[in-house]
Amino acid sequence: MESSFFPDSQAEEASPSKPLVVIMLGPPGAGKGTQATLLQQKLGIPHISTGDILREHVRSETDLGKKAKTFMDKGQLVPDHLILDMLFDRVAQKDCISGFILDGVPRTIAQAEALEAKFCKSNKMLAINHQLSDEEILSRLTNRIVCEKCGTIYHLIYSPSKEKGICDRCRGNLYQREDDKKEVVIRRLQVYHQQTAPVIAYYLKRHLLHQVDCSRSKEQISAEIAALFPKKP
Ligand code: AMP
């Protein structure tokens with residue numbers, strides 16, 4: 001039988017009347033964003049990354065961006081109320097009507113509780129935990145560089161650009177995110193273990209958690225995740 005994430009009582013229809021909320025959990029750098037993008041293509045529902053929305057605010061120098069930057073540059077979490085207001089605005093948009101994939105949120109129990117209060121009655125919620133060791137995360141993130149124009153991600157050792165510092169796709173400049181510097185990554189991992197790891201236990205207790213080993217290839221991981229969703233929402 002195909003392994004599905006839907007418990008039997010809910011498997012019958014996962015359903016057109018109950019939009020999906022898929023929650024991508026796991027430490028920074030485990031590949032949640034990559035998998036969320038692949039799942040977005042399969043399910044046809046938007047991928048919402050709170051980190052990406054915040055970085056856009058920082059770039060545009062909005063009030064929220066200015067407030068968030070002070071936390072982000074230090075590898076600390078942005079306060080819950082700012083995240084939740086921003087997220088609820090985003091999911092109120094039309095493209096989220098059939099469901100959405102959350103990446104980078106919830107990161108605290110307070111955020112998880114707020115999501116549950118808002119969505120658990122009218123939506124079908126599923127959480128996928130991307131597991132990866134701290135050692136591997138440190139190596140991945142500190143070697144990661146990103147195109148400032150199109151967001152393409154490179155790894156200095158495993159997937160470098162053809163021309164140093166220049167994006168293969170759009171010729172934009174490649175840069176290292178402030179929060180991918182080694183001391184900040186170490187801080188982000190500490191924050192993750194202290195504040196975000198309990199969120200995993202929260203979904204485990206509710207029987208909504210599927211664990212995925214992210215030390216494997218991108219293709220292996222995405223096949224395992226895709227098998228959780230036998231039907232389109
Ligand atoms: P990310 O790209 O998801 O690693 O997010 C980058 C940074 O944005 C994090 O280190 C936090 O400072 C902030 N951030 C993103 N999502 C959240 C969230 N759900 N709660 C608090 N801070 C967040």
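Just follow the structure's listing: the first ligand is 1, and inside any ligand the first atom is 1.
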Exercise for the section: Any chance you could lay out the side-chain hydrogen bond (donor to acceptor under 3.5 Å, both in side chains) test for Asn129 and Gln211, step after step, and finish with the verdict? Expected result: CA-CA 5 Å; Asn129 185 32; Gln211 306 272 16; 2.7 Å; yes
Hey, are [X] and [Y] close enough for a salt bridge, meaning a charged N less than 4.0 Å from a carboxylate O?
X      : Y      : value
Asp85  : Arg90  : no
Glu136 : Arg140 : yes
Lys69  : Glu178 : no
Asp73  : Lys181 : no

Return a yes/no value for [X]: is any of its N or O atoms, backbone included, closer than 3.5 angstrom to an N or O of ligand 1?
X     : value
Ile83 : no
Thr50 : yes
Val78 : yes
Asp52 : no

Fill in the blank from the handout: Heavy-atom proximity to atom 4 (O) of ligand 1, picking from Arg188, Met24, Lys74, points to Arg188
Practice task
Just go through Lys69, Arg55, Arg187, Glu178 and tell me whose heavy atom is the nearest to atom 6 (C) of ligand 1.
Solution key: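 Result: the heavy atom closest to atom 6 (C) of ligand 1 is in Arg55.
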Numbering the atoms of ligand 1 from 1, which are under 4.0 Å from a heavy atom of [X]?
X      : result
Val105 : 19 (N)
Gln111 : 18 (C), 19 (N), 20 (N), 21 (C)
Asp179 : 6 (C)

Contact between [X] and [Y] at the side-chain level, heavy atoms closer than 4.5 Å - yes or no?
X      : Y      : value
Ile145 : Tyr175 : no
Arg206 : Met125 : no
Leu20  : Phe229 : yes

Exercise for the section: Spell out, as yes or no, whether a donor-acceptor pair under 3.5 Å connects the side chain of Gln176 to the backbone of Asp180. Expected result: yes
At under 4.0 Å between heavy atoms, which part of [X] makes contact with ligand 1: side chain, backbone, both or neither?
X      : value
Gln76  : backbone
Asp103 : neither
Leu54  : side chain
Arg177 : side chain

Practice task
Considering heavy atoms of the protein only, find what lies nearest to atom 1 (P) of ligand 1 and give residue, atom and distance to 0.1 Å.
Solution key: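 The protein heavy atom lying closest is Arg107 NH2, 3.4 Å.
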